[in-house]
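For reference, the structure discussed in these notes is given below.
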There are 2 protein chains.
Amino acid sequence: MTSGPPGARHGFHVFVDGCHEPGSGHGGWAFVVYRDDTEVASGFGGVERSTNNAMEVTAVLEAILWIENTAAGEPAVIWSDSVYAVDGCNHWRPIWKNNGWKKSNPGGRGRNRPIPDADIWKDVDTRLSGNPSIAIAWCKGHSGIAGNERADALADQGRRSIRRT
Amino acid sequence: MTSGPPGARHGFHVFVDGCHEPGSGHGGWAFVVYRDDTEVASGFGGVERSTNNAMEVTAVLEAILWIENTAAGEPAVIWSDSVYAVDGCNHWRPIWKNNGWKKSNPGGRGRNRPIPDADIWKDVDTRLSGNPSIAIAWCKGHSGIAGNERADALADQGRRSIRRT
RNA sequence: UGACACCCCUUUAU
DNA sequence: ATAAAGGGGTGTCA
């Protein structure tokens, strides 16, 4: 197995990644689509002012958009190395939705404030709710997984594209 | 612990901090004494079973004790990043004292519960009442203030000292 | 409901 | 080794 996890018979494996440079505030996102261990598509972009987590979620959203437009209904796994993005999709998304996209953790740190990047999360939620064939999974970052490394490089390219505007 | 001659000019600035590890229950406290931006003394210690707020107040108490023993009567400002400790000293202390160190219930009915760590607060009250030249002030934590950072590190050392008893 | 502090964990970046 | 973006919990006050 050179890229992607086992079981890539049918459907897609989409690796996503985001990056962010605190100095400039510029961020980048990317996705790479694999079918049977072969890269079949990719996309990336840059954002002028963002945060690291916002870029990770944006990468997931862009991957979903590609699937919607190109392979709607086909089974797909989106792999992200961001626990924030993955748990946000799989665990907190229904909770946030139920709470009107606000944090409600009595005693916690950020209480009853709108969750960061609520607009992105709402978009992700709408589309994931309508595409049950899309799964979000976590993979370890910077550990030699080909798809993850490729997405990492593309996200960086997306971030650098900001300067040449 | 370093020591130096008491400041002959005009007062001390004493930064205090407390820390607490919920897992072990161990806590630490520390104070650092500055005269003209120079550290002239410091002290720290550990407590086996405590709370974060109790350690913050303990740090204030230990600073007061040092002033009493070393520079009684000299103007001094004790800086703490705990609103609980600072407001406890400046605002609620006379109120609590007036209520017999108990919290009055808004409903009037029901028992008046003793304030937490009443023994420490009573000690603080006695000594502050006898030392009007000592002021308690608040400073933001973890924001680059040298004295606060130093006290933070020493409090942690005090907490860790519990292990190797 | 707000504020402050304390502890643990994840990811990113330099 | 630094800083920044998140999640969970605790103790306290109004």
Side-chain angles (χ1 to χ4, degrees), chain A residues 16-29 49-60 80-88 90-93 95-96 102-113 115-117 120-121 138-143 148 151-152 155-156 159, chain B residues 16-29 47 49-60 79-93 95-96 103-104 106 113-118 120-121 138-144 148-149 151-152 155-156 159-160:
Chain A
V16 303
D17 197 25
C19 64
H20 179 250
E21 190 188 39
S24 62
H26 297 170
W29 57 266
R49 283 182 186 176
S50 190
T51 66
N52 59 342
N53 285 334
M55 296 319 295
E56 302 280 5
V57 184
T58 297
V60 172
S80 166
D81 62 16
S82 164
V83 171
Y84 173 64
V86 174
D87 283 357
N90 295 334
H91 180 69
W92 282 300
R93 182 165 57 92
I95 297 173
W96 287 337
K102 304 197 174 183
K103 301 180 191 173
S104 66
N105 299 317
R109 236 177 196 181
R111 286 171 297 177
N112 278 16
R113 284 180 181 166
I115 66 165
D117 313 303
I120 307 177
W121 277 114
W138 181 83
C139 69
K140 187 165 176 56
H142 303 101
S143 64
N148 177 262
D152 183 78
D156 208 55
R159 177 184 60 80
Chain B
V16 303
D17 197 26
C19 65
H20 177 249
E21 190 187 38
S24 62
H26 296 173
W29 58 266
V47 176
R49 192 172 161 275
S50 188
T51 67
N52 61 337
N53 286 331
M55 295 317 296
E56 301 280 6
V57 184
T58 297
V60 173
W79 297 89
S80 166
D81 62 18
S82 164
V83 168
Y84 172 64
V86 174
D87 284 358
C89 288
N90 295 335
H91 183 73
W92 289 300
R93 182 165 56 93
I95 298 173
W96 287 337
K103 288 195 286 189
S104 56
R113 307 190 324 183
I115 66 161
D117 312 304
I120 307 177
W121 278 115
W138 180 83
C139 69
K140 185 163 178 55
H142 303 106
S143 62
N148 177 263
E149 307 279 359
D152 182 78
D156 206 56
R159 178 184 59 79
R160 291 194 311 268

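We name chains A, B, ... by the order of the sequence lines, and we start the count at 1 in each one.
- Closest-nucleotide positions on RNA chain C for A:Val83 and A:Asp152 were compared, and the one nearer the 5' end corresponds to A:Val83.
- Rounded to an integer number of Å, the gap from A:Asn52 CG to D:dG6 C1' is 8 Å.
- For the pair B:Asp87 CG and D:dG11 C1', the interatomic distance rounds to 15 Å; values are reported in whole Å.
- The distance from atom NZ of A:Lys140 to atom P of C:rU10 is 9 Å, rounded to the nearest whole Å.
- Residues A:Asp81 and B:Asn53 each lie close to RNA chain C; by heavy-atom proximity, the contact nearer the 5' end of the strand is made by B:Asn53.
- Side chain of B:Cys19, nearest nucleotide from C:rA13, D:dT12, C:rC6: C:rC6.
- The nucleotide whose nearest atom lies closest to any side-chain atom of B:Asp17 is, among C:rU11, C:rC6, C:rC8, C:rC6.
- For B:His142, counting side-chain heavy atoms from C-beta on, the closest listed nucleotide (C:rC6, D:dT12, D:dA5) is C:rC6.
- Distance B:His20 NE2 to C:rA5 C1': 12 Å, rounded to the nearest Å.
- No side-chain heavy atom of B:Asn52 sits less than 4.5 Å from a side-chain heavy atom of B:Met55.
- The interatomic distance linking B:Trp121 (CH2) with D:dG11 (P) rounds to 17 Å, in whole Å.
- If you look at B:Trp79 and B:Trp138, their ring centroids are not closer than 6.0 Å.
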